[in-house]
Amino acid sequence: MKKVILDVDTGIDDALGILLAVKSGQLDIQAITTVCGNVSLEQATLNTCKILDLLDRPDIPVYQGAEAPLIRKGLHEHHIHGEDGIGGALSKVIPPVSATEGFAPDIIIDTIMTHPGEVTLICTGPLTNLALALLKCPEMTDRLDQVIFMGGVIHGCGNITPVAEYNMYADPEAARIVFHAGFKQLVQVGLDVTRKALLTAEHIARLTDPAIRDYVAESTAAYTKRYEERNGVKACALHDPLAVGVALDSGLVETTLLYVDVETSSRLCDGQTVGDVQNRLNHSSNMDVCEQVNSEAFLELFIQVLNKE
Ligand code: BDR
Ligand code: CA
């Protein structure tokens with residue numbers, strides 16, 4: 001089994017990504033680390049523990065990381081993810097587990113250094129925890145098997161500003177550190193592909209476990225409405241679950257090696273990920289950019305995995 005760490009800001013779709021990762025049975029989840037993003041660090045941690053309780057997996061350790069982006073103020077997305085970050089689902093649940101002692105960036109470093117070449121890091125929030133880990137231990141870049149992150153967009157428009165995707169916009173300085181760290185394999189799962197991974201009411205109706213189906217339906221209801229208002233499609237974009245999907249089956253996406261940088265000092269364009277498609281800057285590529293996705297196969301995988309006993 002592939003050893004992974006999930007770095008999350010649990011949010012509606014992060015939670016669905018955790019469900020997919022845990023239920024797949026194909027990933028050896030070493031830790032789930034939380035970061036300030038969609039909601040506060042504390043709320044992201046609580047939501048993560050609620051999901052692990054729903055899955056009856058209190059054994060997976062959760063560690064808290066950065067309380068704020070590297071230099072900016074935290075920017076939450078309650079208008080998208082609801083006051084609690086998971087659309088009001090599981091509101092009465094008091095999870096029996098809470099975060100384990102330890103700072104997420106240190107846990108990331110320790111896990112990677114203990115299992116050199118074996119760990120894949122899947123980041124579905126702002127990249128603050130990974131950037132802090134890199135600042136403390138730059139040599140970890142060679143020891144990580146792969147980093148898969150949900151964030152940015154190369155060919156389309158943004159979802160928080162006209163040009164920026166939320167995770168990049170929330171902490172562009174952290175993204176910049178990650179982009180230039182020199183990882184063996186850095187995979188960008190951006191809006192180019194995640195906007196095509198759309199969960200509809202018909203998909204949800206096919207979920208067979210009543211507890212999971214009710215959770216997914218409730219947590220995505222308001223999000224789906226807001227997505228429809230903005231995009232004209234009644235669906236929930238599975239941004240973060242697709243990053244997990246790529247870890248489970250890289251054949252779901254087609255990638256292009258590109259040099260990508262992120263804007264950190266612009267009035268209008270902070271957080272924009274700029275892909276040097278025509279190699280005008282003459283830099284070596286630094287990431288695999290997902291450009292195409294087999295959405296049907298991914299949605300099928302998502303449903304099959306969530307339907308596992
Ligand atoms: C990303 O931002 C958050 O709203 C989601 O959880 C996802 O990680 C999509 O832009
Ligand atoms: Ca997220």
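Values below: all heavy atoms of this structure, side chains included; hydrogens, waters and symmetry mates excluded. Just follow the structure's listing: the first ligand is 1, and inside any ligand the first atom is 1.
Here the protein heavy atom with the shortest distance to atom 3 (C) of ligand 1 is Asn38 OD1, 3.1 Å. The protein non-hydrogen atom at the shortest distance from atom 2 (O) of ligand 1 is Tyr166 CD2, 3.4 Å. Closest protein heavy atom to atom 6 (O) of ligand 1: Asp13 OD1, 2.5 Å. Among all protein heavy atoms, the one lying closest to atom 1 (C) of ligand 1 is Glu165 OE2, 3.2 Å.
Atoms OD1 of Asp9 and OD2 of Asp240, as seen from the Ca ion (ligand 2), are separated by an angle of 140°, to the nearest 10°. Between the O atom of Thr124 and the OD1 atom of Asp14, the angle taken at the Ca ion (ligand 2) works out to 120° after rounding to 10°.
By the 4.5 Å heavy-atom criterion applied to side chains, Leu242 and Val293 are counted as neighbours. With a 4.5 Å cut-off on side-chain heavy atoms, Phe103 and Gln64 do not count as touching. Contact of the Arg72 side chain with the Asp270 side chain is registered, since non-hydrogen atoms from C-beta on lie closer than 4.5 Å.
Less than 4.0 angstrom separates some heavy atom of Glu77 from each of these atoms of ligand 1: 3 (C), 4 (O). Using a 4.0 Å cut-off to heavy atoms of Asn159, the atoms of ligand 1 that qualify are 9 (C), 10 (O).
The closest approach between any non-hydrogen atom of Thr124 and ligand 1 is below 4.0 Å.
In summary, the side chains of Thr48 and Thr10 do present a donor paired with an acceptor at a separation below 3.5 Å, with no hydrogens or angles considered.
Residue Asp240 holds the heavy atom nearest to atom 8 (O) of ligand 1 of all those in Leu16, Asp240, Thr194.
The distance criterion of under 3.5 Å between nitrogen or oxygen atoms is met by Asp14 with respect to ligand 1.
The pair Asp106-Lys136 meets the salt-bridge criterion, since a charged nitrogen lies less than 4.0 angstrom from a carboxylate oxygen. Residues Glu300 and Arg206 are paired through a salt bridge, judged by an N-O separation under 4.0 Å between the basic side chain and the carboxylate.
Aromatic rings of Phe149 and Phe179 (six-membered ring for Trp) have centroids within the 6.0 Å cut-off, being under it.
The residue Ile160 has no part lying near ligand 1, judged by heavy-atom distances below 4.0 Å.
With His81 contributing its side chain and His78 its backbone, the two residues share no donor-acceptor pair below 3.5 Å.
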